S.K.: 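Structure provided below as structure tokens; questions to follow.
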Protein chains: 2
Amino acid sequence: MPRRRDPARTRRKLLAAGYREFYRHGFQGGSLKRIVESAGITKGALFHHFAGKKELGYAVLEEFLYPAVKSWWVEPLAASDDPVPVMQSIFGRFRKLLDQEKAEEGYLFNGCPICNYAAEMAPLDDGFRERLDRLYTAWRRAISTALKRGQDAGRVRADIRPADEAAFLVAAFAGTAATGKVTRKAASFHGALRAIDRHLEGLRA
Amino acid sequence: MPRRRDPARTRRKLLAAGYREFYRHGFQGGSLKRIVESAGITKGALFHHFAGKKELGYAVLEEFLYPAVKSWWVEPLAASDDPVPVMQSIFGRFRKLLDQEKAEEGYLFNGCPICNYAAEMAPLDDGFRERLDRLYTAWRRAISTALKRGQDAGRVRADIRPADEAAFLVAAFAGTAATGKVTRKAASFHGALRAIDRHLEGLRA
DNA sequence: CTTGCAACCGACCGCCGGGTATGTAACCCT
DNA sequence: AGGGTTACATACCCGGCGGTCGGTTGCAAG
């Protein structure tokens, strides 16, 4: 069999398999054996591309989840001075995603991958904690600066504190996913999302 | 050394040690060896009182965390037909607790123990998921029925959906703890709590 | 006082985890 | 063409894990 080489592709497969494995089983519970099997490669390749399990975990965070937050939240918000409808549409997109996803692979089953990482690893490893902090900070900053711009443009209530609201919204999102996966009923998930929507509505000037 | 026996006490110590260990290291990452050492007893005793690691985890959930939710949320809310100030005072008590706690043992460091369990174990084990579901359901029900009573008493806005708000508030609480432990700065934590408070204020009739 | 059992002890076990050492084949450069 | 390096594959290692098991001892009932 004429083996072809494509290190970049191998690395991507590893990253994707690692993402799935850690998403489902947690970082500590995630097994490198399962990761390499699911990626269709071997341990040798894994340890060639990553120094160890932790580094793979870090890479998933930086090269998978960070960009996801950027494209879902940071970029849409950066382009607008009317953040409320933008955020509503983000939550809306997310709602649609919920109904499409296959049973055992999505948010309804596994929650928010970022929040999962945070819940498990933040107290245990500073490498994870710092990377998560950077991610959440960027996320909150995107919201809070957009809210500030919205205030300046007269589209967002002046009497709210953008930083507080940002922290709150990110937390609400994380918590919704975390509690939703327990129930596994889309109804409860959607209920919390409706309340978030109502809250967002209340931010309008 | 004249060993004294006190099975109930032994069981309690085991439960407490298990709680701490799983809180800090997660369930999968938690070590029975450490639990036994920290409780000052032996593996024999542990396996005498509990069938295995999972059963200890279940017991922590049912005998430690469930009662905590009851005394923090369910009972105070059951006694009132004006839930908004009650919930504000609960969050207030929680804020105070935040400032008192020792660095590596509290919410600011380890987040919400229930949410940690949920994030890690809900997708992995139905025993955990069902118990967590019961817990969260009781929590949400306490809030939602109190809100309903508040609406009937004319103290809570009639145009909100109690069930949605309950799901949302529980989620916000969980998420606040989960994201707060990443930053480890009380300021960010308090910011989110202020926003929650503002949201609660908005529920008044 | 004895008997019986619940409570507990601690050495031991098998397994599976992350990690490594060594080999080999594809690819690149000159 | 061929040497060097990168990209893998495979077999192996060791530690720690959850769990077991025979033994001992406090303690209450008869």
Side-chain angles (χ1 to χ4, degrees), chain A residues 1-61 63 117 120-121 124-128, chain B residues 1-61 63 117 120-121 124-128:
Chain A
M1 60 174 95
R3 282 184 2 244
R4 293 263 312 277
R5 283 191 170 172
D6 191 340
R9 192 177 131 86
T10 302
R11 198 191 141 89
R12 278 200 314 270
K13 284 204 293 184
L14 238 10
L15 228 58
Y19 166 74
R20 283 196 308 269
E21 174 71 10
F22 297 146
Y23 190 25
R24 191 80 151 266
H25 293 90
F27 179 74
Q28 300 183 100
S31 146
L32 295 186
K33 185 169 169 254
R34 278 196 301 257
I35 289 176
V36 297
E37 278 168 3
S38 129
I41 48 121
T42 63
K43 262 193 185 179
L46 195 160
F47 279 87
H48 175 73
H49 285 280
F50 300 96
K53 192 188 188 186
K54 231 157 60 172
E55 278 66 30
L56 177 59
Y58 293 167
V60 167
L61 209 47
E63 300 176 35
Y117 262 106
E120 184 184 4
M121 296 308 294
L124 284 179
D125 181 273
D126 266 328
F128 276 110
Chain B
M1 61 175 95
R3 280 181 7 240
R4 294 262 312 279
R5 282 190 172 172
D6 191 341
R9 191 177 132 85
T10 302
R11 198 189 140 89
R12 279 200 314 271
K13 285 205 292 185
L14 238 12
L15 228 57
Y19 166 74
R20 284 196 309 269
E21 174 72 10
F22 297 146
Y23 191 24
R24 191 78 152 267
H25 293 90
F27 179 74
Q28 300 184 102
S31 147
L32 295 187
K33 186 172 169 250
R34 277 196 301 258
I35 289 176
V36 161
E37 281 167 0
S38 128
I41 48 123
T42 62
K43 267 201 184 168
L46 194 159
F47 279 87
H48 177 72
H49 286 279
F50 300 96
K53 192 188 189 187
K54 230 157 62 172
E55 278 67 29
L56 177 58
Y58 293 167
V60 167
L61 210 46
E63 300 176 35
Y117 262 106
E120 184 184 4
M121 297 308 295
L124 284 179
D125 181 273
D126 266 329
F128 276 110

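Each chain gets a letter, A, B and so on, in the order the sequences are listed, and its residues count up from 1. This one's a predicted model, so the numbers in the text were calculated from it and none came from an experiment.
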S.K.: Ignoring backbone atoms, test whether A:Ser31 places a side-chain nitrogen or oxygen under 4.0 Å from the OP1 or OP2 oxygen of C:dC16.
M.R.: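 Result: no.
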S.K.: Salt bridge or not between B:Glu63 and B:Arg11? Use side-chain N to carboxylate O under 4.0 Å.
M.R.: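 B:Arg11 and B:Glu63: salt-bridged.
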S.K.: Report yes if a side-chain nitrogen or oxygen of B:His49 is closer than 4.0 Å to either non-bridging phosphate oxygen (OP1 or OP2) of C:dA6; otherwise report no.
M.R.: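 For B:His49, the contact criterion (side-chain N or O under 4.0 Å from OP1 or OP2 of C:dA6) is not met.
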S.K.: Measure from the side-chain heavy atoms of A:Lys33 and tell me the nearest of D:dT6, C:dC9, C:dG17.
M.R.: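 Nearest to the side-chain atoms of A:Lys33, counting from C-beta on, is C:dG17.
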S.K.: Do you know the tightest heavy-atom contact between A:Leu124 and B:Arg24?
M.R.: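 For A:Leu124 and B:Arg24, the tightest heavy-atom pair comes out as CD2-O, 3.5 Å.
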S.K.: What is the distance, rounded to the nearest whole Å, between atom CZ of A:Arg9 and atom P of C:dC27?
M.R.: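 One finds 14 Å between P of C:dC27 and CZ of A:Arg9, rounded.
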S.K.: Quick one: B:Glu37 CD to C:dG10 C1', roughly how many Å, whole number?
M.R.: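 Checked: the CD to C1' distance equals 13 Å.
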S.K.: Which atom names give the shortest non-hydrogen contact between B:Ile35 and B:Ala17, and what distance separates them?
M.R.: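 It is O-CB, 3.7 Å.
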S.K.: Which residue, A:Gly52 or B:Pro7, contacts DNA chain C at a nucleotide closer to its 5' end, judged by nearest heavy atom?
M.R.: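 By nearest-heavy-atom nucleotide position, the 5'-most residue is B:Pro7.
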S.K.: How is B:Gly30 classified with respect to the nucleic acid when contacts are heavy atoms under 4.0 Å: base, sugar-phosphate, or nothing?
M.R.: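 Answer is sugar-phosphate: B:Gly30 comes under 4.0 Å of backbone atoms only.
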S.K.: Could you tell me the separation between the NZ atom of A:Lys13 and the P atom of D:dA7, rounded to a whole number of Å?
M.R.: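 A:Lys13 atom NZ is separated from D:dA7 atom P by 15 Å.
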S.K.: Take the protein atom NE2 of A:His25 and the nucleotide atom P of C:dG17, then report the distance between them rounded to whole Å.
M.R.: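 Atom NE2 in A:His25 sits about 10 Å away from atom P in C:dG17.
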S.K.: Which atom names give the shortest non-hydrogen contact between B:Pro7 and B:His49, and what distance separates them?
M.R.: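 Looks like O-CE1, 3.5 Å.
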S.K.: Write down the distance between CG (B:Leu32) and C1' (C:dC9), rounded to a whole number of angstrom.
M.R.: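 B:Leu32 atom CG is separated from C:dC9 atom C1' by 16 Å.
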S.K.: How about B:Phe128 and B:Phe27: are their ring centres within less than 6.0 Å of each other?
M.R.: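 Yes, the ring of B:Phe128 comes within the 6.0 Å limit of the ring of B:Phe27, centre to centre.
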S.K.: In whole angstrom, give the distance that lies between atom CZ of A:Phe50 and atom P of D:dA7.
M.R.: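 Going from CZ in A:Phe50 over to P in D:dA7 covers 12 Å.
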S.K.: Nearest to the A:Phe47 side chain among C:dC27, C:dG19, D:dG26, which nucleotide is it?
M.R.: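 Closest of the options to the side chain of A:Phe47: C:dG19.
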S.K.: Rounding to an integer number of Å, can you tell me how far A:Leu14 CG sits from D:dA9 C1'?
M.R.: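 Distance, rounded to whole Å: 14 Å.
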S.K.: Which nucleotide wins on minimum distance to the side chain of A:Ala45, given the candidates C:dG18, D:dC8, C:dA7?
M.R.: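 When the side chain of A:Ala45 is considered, D:dC8 is the closest of C:dG18, D:dC8, C:dA7.
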S.K.: Would you kindly give the CD1-to-P distance between A:Ile35 and C:dG17, to the nearest whole Å?
M.R.: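 Result: 11 Å.
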S.K.: Between B:His48 and C:dC9, is there a contact of a side-chain N or O with OP1 or OP2 at under 4.0 Å?
M.R.: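 Result: no.
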S.K.: Would you please confirm or rule out a distance under 4.0 Å between OP1 or OP2 of C:dG10 and any side-chain N or O of B:Lys43?
M.R.: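 B:Lys43 to C:dG10 OP1/OP2: no side-chain N or O under 4.0 Å.
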S.K.: Please check the phosphate of C:dC8 (OP1 and OP2 only) for any side-chain N or O of B:Thr10 closer than 4.0 Å.
M.R.: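 Yes, such a contact exists.
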